[in-house]
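In what follows, a single structure is set out as structure tokens and then discussed.
Just the heavy atoms: all of them, side chains too, but no hydrogens, waters or symmetry mates, feed the values below. In what follows, chains carry the letters A, B, and so on, assigned in the order in which the sequence lines appear, proteins first and then strands, with residues in each chain numbered from 1.
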2 protein chains.
Amino acid sequence: MPHQDVSVTVDLVVLTVRDDDLAVLLVRRGIPPYRGRLALPGGFVHAQEDLPAAAGRELEEETGIRGLGGHLEQLATFGTPGRDPRGRVVTVAYLALVPDPGPLVAGSDAASASWNSVGELETGGRRLAFDHSQILTAGLERARAKLEYSTLATSFCPPEFTINELRRVYEAVWGQPLDPRNFHRKVTGTPGFVEATGTTTGRQGGRPAQLFRPGGATALHPAMLRP
Amino acid sequence: MPHQDVSVTVDLVVLTVRDDDLAVLLVRRGIPPYRGRLALPGGFVHAQEDLPAAAGRELEEETGIRGLGGHLEQLATFGTPGRDPRGRVVTVAYLALVPDPGPLVAGSDAASASWNSVGELETGGRRLAFDHSQILTAGLERARAKLEYSTLATSFCPPEFTINELRRVYEAVWGQPLDPRNFHRKVTGTPGFVEATGTTTGRQGGRPAQLFRPGGATALHPAMLRP
DNA sequence: TCAAAAGTGTTGACTCTACACCCATGT
DNA sequence: ACATGGGTGTAGAGTCAACACTTTTGA
């Protein structure tokens, strides 16, 4: 047979919005190769484990969160020979969009995991370990595109949220301001995007905002247009 | 290490439009498992071979065509344990959109390759070998979605084509008729979608149509809307 | 002259943008 | 009262669907 066995890993692009800023979860490598460099979290797929299960397991190990309004989807597969100096390693990258989980659990693997501003990474031109910069770029592109034609932005929000919080998600991911008035009309006018809870939040010195849950719809027709 | 070595293959969803009908390239399996069943073409990734290179090689082996206006992109990766009864096999599926290449070369691997109407497969509920029905469904979804917001429909056409041929591509992929007048305006009015060659074709008993080449644009803004 | 296919004009419905404006609460 | 943020009304530009209409060829 003209082939050889290879190792298969999953790598995760975990995105969240913290303080109106898009952030990605990165780990600092403690062992060679690329020792001391930042990398995407990930690991080997177990013997009898499905790919989505492996991605979910890694996500839980790194962040402690488990499906609480978050979203996980396959991104792309990278297998260029030489991408890992230790041998032929094919990695299936997954994209996760999660609400801000607060302080990260100081678990075994997650000891070195931290949130990093995507804006700073992109302007600073910082190189990640392996081909992880390329994977991160693919994840950001996918996330930015999907907010246009899906309701996935709610995956970044806690179970209940205001329209303003949802708008700040869009602004953080796209790096562009949106008109609050038109955004409100677009979201509330799209059937199934969000669902009113009936309660309000009287936080700061302003009119209390209605609280919403994610609705049943997943696609957005017509799309939310980028400015 | 909590992992095992696995085999990696590429499988191809090769689509074309023949006689105003969307068709997919399938091979009839000559050996077990699934002997005699229809399957997607594909094969093992070679030792020092990149994934896109493996997909391109398989495409050439099966169809004889080589990048002549066609398009090849990664689709998704499937690795559920047990999807191949011979062992743990992870497959990276690729999607190819190609012009009708005429009769298939009677090459070694391609001896049993043939074009199959997608419409008949979908209505007939015919099951392919392995999880290839699922992969085919993913490829069709991707192709149908991409025609909306990209200029990829030209990948189905020969180097020079008329607006009518391009419209028939859309109609075959979507399975829906489109208004010829509005389609013409949309295509010729989008900068970079198509580029006039200056020549015309005087085939049948009608006014000769202008011939076009693909233009430089890849994205479509605003999108071509499905009826 | 007629059929067939290519291409243009026009109208009403819808959507988006931009911004003026009103509503509800804390201090 | 007034600042602060939540939410609604409205006019102009652009796009799309639908269809009447003109143009250019072969038989």
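Contact check for B:L15 versus B:F156: side-chain heavy atoms found under the 4.5 Å cut-off.
Regarding contacts with the backbone of C:dA6, every side-chain N or O of B:H184 stays at 4.0 angstrom or more from both OP1 and OP2.
In this structure, A:L166 atom CG and D:dG6 atom P are separated by 13 Å, rounded to whole Å. Distance A:M224 CE to C:dC16 P: 9 Å, rounded to the nearest Å. The separation between B:F183 atom CZ and D:dA17 atom C1' is 15 Å, rounded to whole Å. In this entry the distance linking CG of B:L225 with C1' of C:dT15 reads 11 Å, nearest Å. One interatomic measurement links the two molecules: CZ of B:R181 to P of C:dA5, which rounds to 14 Å at whole-angstrom precision. If you take CG of B:D179 and P of D:dT15, they are 18 Å apart, rounded to a whole angstrom. Remark: P of C:dG7 and CG of B:L178 are 17 Å apart, rounded to the nearest angstrom. Going from atom CD of B:Q210 over to atom P of D:dT24 covers 12 Å, rounded to whole Å.
With C:dT25, D:dA17, D:dT25 as the choices, the nucleotide that has an atom nearest any side-chain atom of A:P208 turns out to be C:dT25. The side chain of B:N182 lies closest to D:dA17, out of D:dA17, C:dT15, C:dT17.
Aromatic ring pairs are classed by plane angle as parallel below 30°, tilted from 30° to 60° and perpendicular above 60°; the pair B:Y170 and B:W174 is perpendicular.
A:D100 and A:T16 share no donor-acceptor pair across their side chains, judged by distance under 3.5 Å alone.
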Next on the checklist: Run A:T9 and A:T91 through side chain to side chain donor-acceptor pair (under 3.5 Å) and show every step you take.
Outcome noted: CA-CA 5 Å; A:T9 60; A:T91 191; 2.9 Å; yes
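Applying the 3.5 Å distance criterion, the base of D:dG9 shares a donor-acceptor pair with the side chain of A:R185. Contact annotation: side chain of A:R207 to base of D:dG5, donor-acceptor pair absent below 3.5 Å. Judged by atom type and distance alone, B:N164 does not reach the base of C:dA5 through any side-chain donor-acceptor pair under 3.5 Å.
With B:E73 contributing its side chain and B:Y94 its backbone, the two residues share no donor-acceptor pair below 3.5 Å.
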